[in-house]
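Just the heavy atoms: all of them, side chains too, but no hydrogens, waters or symmetry mates, feed the values below. These numbers were taken from a predicted model, which means no experiment stands behind them. Counting from 1, the numbers follow the sequence of the chain as shown.
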Amino acid sequence: MTVFLCGFMGCGKSCTGKRLSEKLGTKFIDMDDYIVNREGMSIPDIFSQKGEKYFRAAESASIIELSHENAVIACGGGAMLSDENAENAGRSAAVIFIDVPFEICYSRIKDDPNRPIAVNNSKDKLLDIYTQRRSIYIQHSQITVDASAHSADEVSSMLEQAVIKLSETRRNGGFH
């Protein structure tokens, strides 16, 4: 089964996604790394040389390319904001939102130079972005996992249970 993990920057998609892939016996793909390898340049370079619109198009293409992989895929923070991306991912994969409070995410991203949106915005602006995105993540996901007070191992176990439940529901004709 393909699993797309979405959520705000710093919510733990990559960390817990790696653990989840081990539990499920699948490969792990970090979509940002996938795009960096395909484009041959860093995300900050893509943003500065080609623009955010180009990067978002690369995310959309990557979702289509990866949607049939037997893998856990950690999406970039903006990948599941698009209705089209969410529909493309949800057709053949599980889309799970990792819900973490802003303050935790912010503490993880505030000094990361590889996150152009974090580097180029104040804490207050990032809170606005987080608030706007959170409701979209919920809308575009089949499952939300509250990861606010849990370790990465606990979250990966919660994600594993969510994937198993969703897989069973799909087998019984509940989700398509």
Side-chain angles (χ1 to χ4, degrees), residues 3-24 26-37 39 41-49 51-56 58-59 62-63 66 71-82 85-86 89 94-163:
V3 177
F4 285 99
L5 301 177
C6 70
F8 197 68
M9 300 171 282
C11 73
K13 298 177 295 284
S14 295
C15 181
T16 59
K18 288 175 187 171
R19 286 178 168 92
L20 176 61
S21 70
E22 291 170 8
K23 289 176 181 290
L24 297 176
T26 64
K27 63 183 165 181
F28 172 77
I29 300 169
D30 183 293
M31 189 181 300
D32 285 346
D33 291 343
Y34 180 83
I35 292 168
V36 165
N37 290 333
E39 295 294 322
M41 63 176 64
S42 70
I43 292 172
D45 287 345
I46 295 169
F47 266 68
S48 67
Q49 295 175 27
E52 183 175 356
K53 186 176 180 179
Y54 180 91
F55 179 77
R56 297 298 172 206
E59 282 181 323
S62 296
I63 287 169
L66 298 172
V72 173
I73 302 157
C75 296
M80 286 301 159
L81 298 177
S82 154
N85 286 354
V95 180
I96 301 174
F97 168 42
I98 301 176
D99 193 12
V100 174
F102 173 74
E103 288 297 329
I104 293 172
C105 292
Y106 182 74
S107 71
R108 295 173 181 168
I109 66 171
K110 65 182 178 176
D111 298 319
D112 187 344
N114 291 311
R115 298 179 189 271
I117 292 175
V119 169
N120 294 319
N121 287 289
S122 67
K123 183 178 181 180
D124 288 340
K125 179 61 179 167
L126 287 171
L127 176 58
D128 289 343
I129 294 168
Y130 170 91
T131 302
Q132 292 167 356
R133 288 182 174 191
R134 187 173 179 276
S135 62
I136 298 169
Y137 295 140
I138 291 168
Q139 176 186 353
H140 287 170
S141 300
Q142 293 137 349
I143 297 173
T144 296
V145 172
D146 179 357
S148 57
H150 304 284
S151 70
D153 285 330
E154 290 169 327
V155 173
S156 66
S157 292
M158 293 165 64
L159 291 169
E160 179 185 28
Q161 292 305 309
V163 169

Considering all heavy atoms of both residues, which atom of Asp112 and which atom of Val119 are nearest to each other, and what is their separation? O-CG2, 3.3 Å
Can you give me the closest heavy-atom contact between Thr16 and Ala152, atom names plus distance? CG2-O, 3.7 Å
If I take atom CG from residue Leu127 and atom CZ from residue Phe8, how far apart are they, to the nearest 0.5 angstrom? 8.5 Å
Check: Glu160 side chain, Leu20 main-chain N or O, donor-acceptor pair, under 3.5 Å: no
Which of parallel (below 30°), tilted (30 to 60°) and perpendicular (above 60°) describes Phe55 and Phe47? tilted
Side-chain contact test, heavy atoms from C-beta onward, threshold under 4.5 Å: evaluate it for Tyr137 versus Leu81 and give yes or no. yes
Are any non-hydrogen side-chain atoms of Gln161 and Lys23 less than 4.5 angstrom apart? no
Side chain proximity check, Asp153 to Arg19, heavy atoms < 4.5 angstrom: yes
Distance col, row Met9:CE vs Lys110:NZ, nearest 0.5 angstrom, shows 14.5 Å
Kindly indicate, with the supporting measurements, whether the criterion side chain to side chain contact (heavy atoms under 4.5 Å, CB included) is fulfilled by Leu159 and Ile98. CA-CA 9 Å; Leu159 291 169; Ile98 301 176; 4.1 Å; yes
Using the rule given for side-chain hydrogen bond (donor to acceptor under 3.5 Å, both in side chains), can you reason through Ser122 versus Asp124, listing the C-alpha separation, both sets of side-chain angles and the distance that settles it, and then say yes or no? CA-CA 5 Å; Ser122 67; Asp124 288 340; 5.3 Å; no
In terms of heavy-atom contacts, Ser148 and Pro101 come closest through CB-CD, 3.3 Å
Any chance you could lay out the side chain to side chain contact (heavy atoms under 4.5 Å, CB included) test for Thr131 and Phe102, step after step, and finish with the verdict? CA-CA 8 Å; Thr131 302; Phe102 173 74; over 6 Å; no
For Ser14, is there any backbone N or O sitting under 3.5 Å from a side-chain donor or acceptor partner on Asp30? no
Restricting to non-hydrogen atoms, name the atom on Met80 and the atom on Cys6 that form the minimum distance, rounded to 0.1 Å. CG-CB, 3.6 Å
Might you point out which heavy atoms bring Val155 and Ala147 nearest each other, and give the distance in Å? CG2-CB, 3.5 Å
The reported gap from OG in Ser82 to CD1 in Ile63 (rounded to nearest 0.5 angstrom) is 7.0 Å
So, the side chain of Lys13 versus the backbone of Gly7: is there a donor-acceptor pair under 3.5 Å, distance only? yes
Shortest non-hydrogen separation from Leu126 to Tyr106 and the atoms involved: CD1-CE1, 3.8 Å
Here's a test for you: under side-chain contact (heavy atoms from CB on, under 4.5 Å), which of Leu5, Ile138, Ile143, Val145 qualifies with Phe97? Ile138
Glu39 vs Asp45, test: side chain to side chain contact (heavy atoms under 4.5 Å, CB included). Steps then yes/no. CA-CA 10 Å; Glu39 295 294 322; Asp45 287 345; over 6 Å; no
Kindly indicate, with the supporting measurements, whether the criterion side chain to side chain contact (heavy atoms under 4.5 Å, CB included) is fulfilled by Phe4 and Gln142. CA-CA 10 Å; Phe4 285 99; Gln142 293 137 349; over 6 Å; no
What's the separation between atom SG in Cys75 and atom NE2 in His140, rounded to the nearest 0.5 Å? 12.5 Å
Could you check whether any side-chain heavy atom of Ile96 comes within less than 4.5 Å of a side-chain heavy atom of Ser141, counting everything from C-beta outward? no
Do Thr144 and Asp99 get their side chains close enough for a donor-acceptor pair, meaning under 3.5 Å? no
Could you tell me whether the side chain of Ile43 reaches within less than 4.5 Å of the side chain of Val36, counting heavy atoms only? yes
SG on Cys11 to CZ on Arg133, rounded to 0.5 Å: 11.0 Å
